[in-house]
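Every chain is numbered from 1, with letters handed out A, B, ... down the list of sequences.
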Number of protein chains: 2
Amino acid sequence: MLDEVDTRAIRRESTRSRVLQAAWELARRDGLAALTLRDVAARVGMRAPSLYSYFPSKNEMYDAMFAEAASSLAAELRGSSGNDAESRLRDRLRRFVGWCTADPTRYQLVFQRSVPGFAPSEESYQITVDALRATREAVEAAGIRGDKPFELLRGTFNGLTSLQIANDPGGNRWAVMADEALDMFLDRYAHQRRRARRGA
Amino acid sequence: MLDEVDTRAIRRESTRSRVLQAAWELARRDGLAALTLRDVAARVGMRAPSLYSYFPSKNEMYDAMFAEAASSLAAELRGSSGNDAESRLRDRLRRFVGWCTADPTRYQLVFQRSVPGFAPSEESYQITVDALRATREAVEAAGIRGDKPFELLRGTFNGLTSLQIANDPGGNRWAVMADEALDMFLDRYAHQRRRARRGA
DNA sequence: GTCTATATGTGGATAGAC
DNA sequence: GTCTATCCACATATAGAC
């Protein structure tokens, strides 16, 4: 009987997952804001009201998508590696750009406010906050401290990805500048570390 | 009789202008995408269908707003001045950031694709293309050539303004970094002029 | 859990009177 | 030019049968 409960819960999760996948597909095709419950339901062979068994509202469905996307980004960034702090930062930023440009729709949901009336729940939003804090730590591990340099780096990479997605979706005209951007940044802000090393 | 024609045309333009102003006010209050013809009309003491005397469709109204905003930006940037090319570039970039952050709604219409189903007409879009080309010329006048540096600068400033607007609208946490960002950029790319370039 | 039926609301756009 | 009346399509969400 406990087995039955488990089985039911698993099937339920599976259906919920199928619904979310259908929502992503439609959002990629027609745009995030153009999502309708009718279309999502039709895509999994249901009618719109049936979705309310899985999500209490449309915005809760957006929130589940947001959480999925944010978790995916966090996982991608956690996979960063390198022999030293600078290499790990470089890898992390490359992964960031790669993740953002791989799926503009996903990027828009997480980083832009492109769905009128939707804001992520505190819980879902926290996933992105944690990822940002980890990036801040990676920057500091590379010897760069202070809000200003960090926010400048953040702005630079935000700008590159958003130009990429707005003007050349699917391409890499701006994405390939990630390394160059980091070099420019390190040229200016990593000098303390190098000078200190040289001086010592 | 020609006078009458003129008077009528002037009144018409005046009303059209009032409609646009009402649209901006509502867009700032409720968001660009939340604009409705009913609300806009009500704000100028009309009913929705009357607006069709001034704009053939809602998207044409958006396009008129886009053209207005783009022209305003172009005029602002044309006012840039300075004693040398670098100062003029710095002033131009300051003006850019100032213009963008002064009115997030205006910025969103011109630089983000935040209205589903709306794209500017070729004619309106051209205004922004011209402004961008003039900025490119200002960068080259400062001795910096090539697509890559220019696009990197463009990305950096795009990123700063978008962070500013998304996270601190009305404030200046990121806007004040404009000078710092340009310094970082010049550190790396204006050195050709002054000394041998390091690295590749 | 899924359905049909429906409440309830929205908003762009057109027809035709004045 | 502005109005009323209306069309039409759409969408979220609920009630209640099965």
Touch class at under 4.0 angstrom, heavy-atom based, for L35(A) against every strand present: sugar-phosphate
Whole angstrom value for the distance that separates C1' of dG1(D) from CZ of F55(B): 14 Å
Selection from dG1(D), dT12(D), dG1(C) that lies nearest to any side-chain heavy atom of R12(A): dG1(C)
Out of dA13(C), dT2(D), dT2(C), whichever nucleotide has its closest atom nearest the side chain of S53(A): dT2(C)
Which nucleotide in dG12(C), dC3(D), dT14(D) has an atom nearest any side-chain atom of R47(B): dC3(D)
Sugar-phosphate only, base, or nothing, as touched by T15(B) at under 4.0 Å among non-hydrogen atoms: nothing
Which nucleotide in dT2(D), dT2(C), dA13(D) has an atom nearest any side-chain atom of Y52(A): dA13(D)
Closest to the S50(A) side chain, choosing from dA13(D), dA13(C), dC3(C): dC3(C)
Approximate separation, where rounding is to 0.5 Å, of S80(B) OG and R88(B) CZ: 10.0 Å
Ion pair D91(B)/R95(B), N-O distance below 4.0 Å: yes
Residue R8(A), side-chain heavy atoms: nucleotide from dT12(D), dA11(D), dG1(C) that is nearest: dG1(C)
Salt-bridge criterion met for D183(A) and R90(A) (N-O under 4.0 Å): yes
Sugar-phosphate, base or nothing in reach of G117(A), heavy atoms under 4.0 Å: nothing
Lys NZ or Arg CZ of R16(A) over Y54(A) ring: under 6.0 Å, within 45°: no
R106(B) charged N/C atom sitting above W99(B) aromatic ring, 6.0 Å / 45°: yes
Atom-pair distance (CG on D30(A); P on dC10(D)), nearest Å: 13 Å
Nearest-angstrom distance from the residue atom CD of E13(A) to P of dG1(C): 11 Å
Selected nucleotide, minimal atom distance to R38(B) side chain, candidates dG1(D), dT4(D), dG12(C): dG12(C)
Per P49(A) side chain, nearest of listed nucleotides dA13(D), dT2(D), dA13(C): dA13(D)
Nearest-nucleotide pick for M46(B), side chain only, options being dT2(C), dA13(D), dT2(D): dT2(D)
